[in-house]
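First the structure, in the form of structure tokens, and then the observations on it.
This one's a predicted model, so the numbers in the text were calculated from it and none came from an experiment.
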Amino acid sequence: MTHVLLVRLAAPLQSWGAVSRFSRRDSHSRPTKSAVIGLCAAALGRDRTEPVDDLAALEFGVRADRPGTPVRDYHSVGGGRYPLRPRDVITDHRRAAAVAAGLEAATGESFGHHDLADWYGAPKKIAADPVSGALVSGELSRTALITERWYLSDAAFVVGLRHEDEGWLEEIAHALEHPRQLLWLGRKSCPPCGTLAGDILPGTLAEAFTAKQLLPLPDGPVSGHRPWAWIQAHADAPGASPVNDQPVSFHPARRAHTTRWETRMRVTIAPTASEWDIFE
């Protein structure tokens, strides 16, 4: 018999990159298998160079209880006026002498000398703006790069991980609640909130998705909440479509993905479904 571990992914912001390139960082409308497997690998304490074949073999599904709202972040890289950055020196005291010399050369002895250099560091490559004469952060000061960063705001998903070995799923569930590395939902600016690991239920992904609810069921004549779900399937399954998020390796030098197949379906949450206690 197979079992399904349910994983709750909710946060003010999430970002699930699928085809991000250069200055545009997109977000898929739902968590990708590659990202979730990476999340589990981090929780287990695995290095990026380690194999993930056992995790990649998990059958994957995701239910969109609250799809969220796409949000575009205005983001710039490089440029900027003369902000002093205490972190530069506080985190590396060996740079204090070099920063002091740089500040003294750029601003004069009275500002860059003595104890100020122990606490305040300047941006790299300080230079005078040829137009205004103001101190700026060097080569990129007049050519700041504007980038697009897309997120999902106020989204909530339930991921299902299916496997025959219930003990393996229990190990993953424990790691998600006691992670050995920091976890985030797609990007480092998107930490998860509340509990991640939920119940381990017997059966298929479709069956498990009916047994647990994140949101209150609607009142009135509507029978149950019916969110969309995407469930991993065989290539010849009716209505199956390809998705290029099956992880092969997270090794920085040879990171790779391949194609898997999934079907989309409506899930009717059972009236007897238990609620998810996010603080349990």
Check: [Y] and [X] side chains under 4.5 Å, non-hydrogen atoms:
X	Y	answer
Thr32	Val243	no
Cys40	Leu161	yes
Arg149	Arg72	no
Ile200	Glu170	yes
Trp168	Leu55	yes
Glu177	Leu196	yes
Phe209	Val158	yes

Atom pair [atom1]/[atom2] of [X] and [Y] - distance to nearest 0.5 Å:
X	Y	atom1	atom2	answer
Ser274	Leu201	OG	CG	7.5 Å
Met265	Trp228	CE	CH2	9.5 Å
Leu5	Ile172	CG	CD1	6.5 Å
His3	Thr204	NE2	OG1	12.5 Å

Quick one: closest heavy-atom pair of [X] and [Y], and the distance?
X	Y	value
Ala240	Ala235	CB-O, 4.0 Å
Ala43	Leu183	N-CD2, 3.7 Å
Ala11	Pro192	CB-CA, 4.2 Å
Ala56	Pro247	CB-O, 3.6 Å
Pro202	Met1	CB-SD, 3.5 Å
Ser29	Leu152	O-CD1, 3.6 Å

- Describe, in one word, how the ring planes of His174 and His178 are oriented to each other, choosing from parallel (under 30°), tilted (30 to 60°) and perpendicular (over 60°). parallel
- Presence of salt bridge, Asp199 and Arg8, under 4.0 angstrom: no
Is [X] linked to [Y] within one hydrophobic cluster, defined over Ile, Leu, Val, Met, Phe, Trp and Tyr using a side-chain heavy-atom separation of less than 4.5 Å?
X	Y	result
Val267	Val36	no
Val4	Val62	no
Leu205	Phe157	no
Leu169	Ile231	no

- Message: Exactly one of Thr210, Ile269, Leu6 should register a side-chain contact (heavy atoms from CB on, under 4.5 Å) with Arg63. Which one does?
- Response: Ile269
Strictly distance-based, threshold 3.5 Å: is any side-chain N or O of [X] a donor or acceptor partner for the main-chain N or O of [Y]?
X	Y	value
Ser27	Trp16	yes
Lys33	Leu58	yes
Lys212	Gly198	no
Ser249	His251	yes
Ser15	Trp150	yes
Gln14	Leu9	yes

- Would you check if there is a donor-acceptor pair between the side chains of Ser34 and His257 at a distance under 3.5 Å? yes
- Start with the C-alpha distance between Trp230 and Thr263, add both sets of side-chain angles, then the distance that settles side-chain contact (heavy atoms from CB on, under 4.5 Å), and finish with yes or no. CA-CA 6 Å; Trp230 293 261; Thr263 57; over 6 Å; no
- Under the side-chain contact (heavy atoms from CB on, under 4.5 Å) rule, what do Asp154 and Arg66 come out as? Steps first, then yes or no, please. CA-CA 8 Å; Asp154 197 29; Arg66 189 166 57 227; 3.7 Å; yes
- Task: Using the side-chain contact (heavy atoms from CB on, under 4.5 Å) rule, take Leu39 and Trp184 through it: C-alpha gap first, then chi angles, then the decisive distance, then the call.
- Result: CA-CA 7 Å; Leu39 184 81; Trp184 49 82; over 6 Å; no
- Can you list every pair that meets salt bridge (charged side-chain N to carboxylate O under 4.0 Å, His left out) and has a residue in residues 159-169, with sequence neighbours left out? Glu59-Arg162
- What pairs of residues pass the salt bridge (charged side-chain N to carboxylate O under 4.0 Å, His left out) test when at least one of them lies in residues 242-268, not counting sequence neighbours? Arg30-Glu262, Asp245-Arg260, Arg260-Glu262
- When clusters are formed from ILVMFWY side-chain contacts under 4.5 Å, directly or step by step, what else is grouped with Tyr151? Leu13
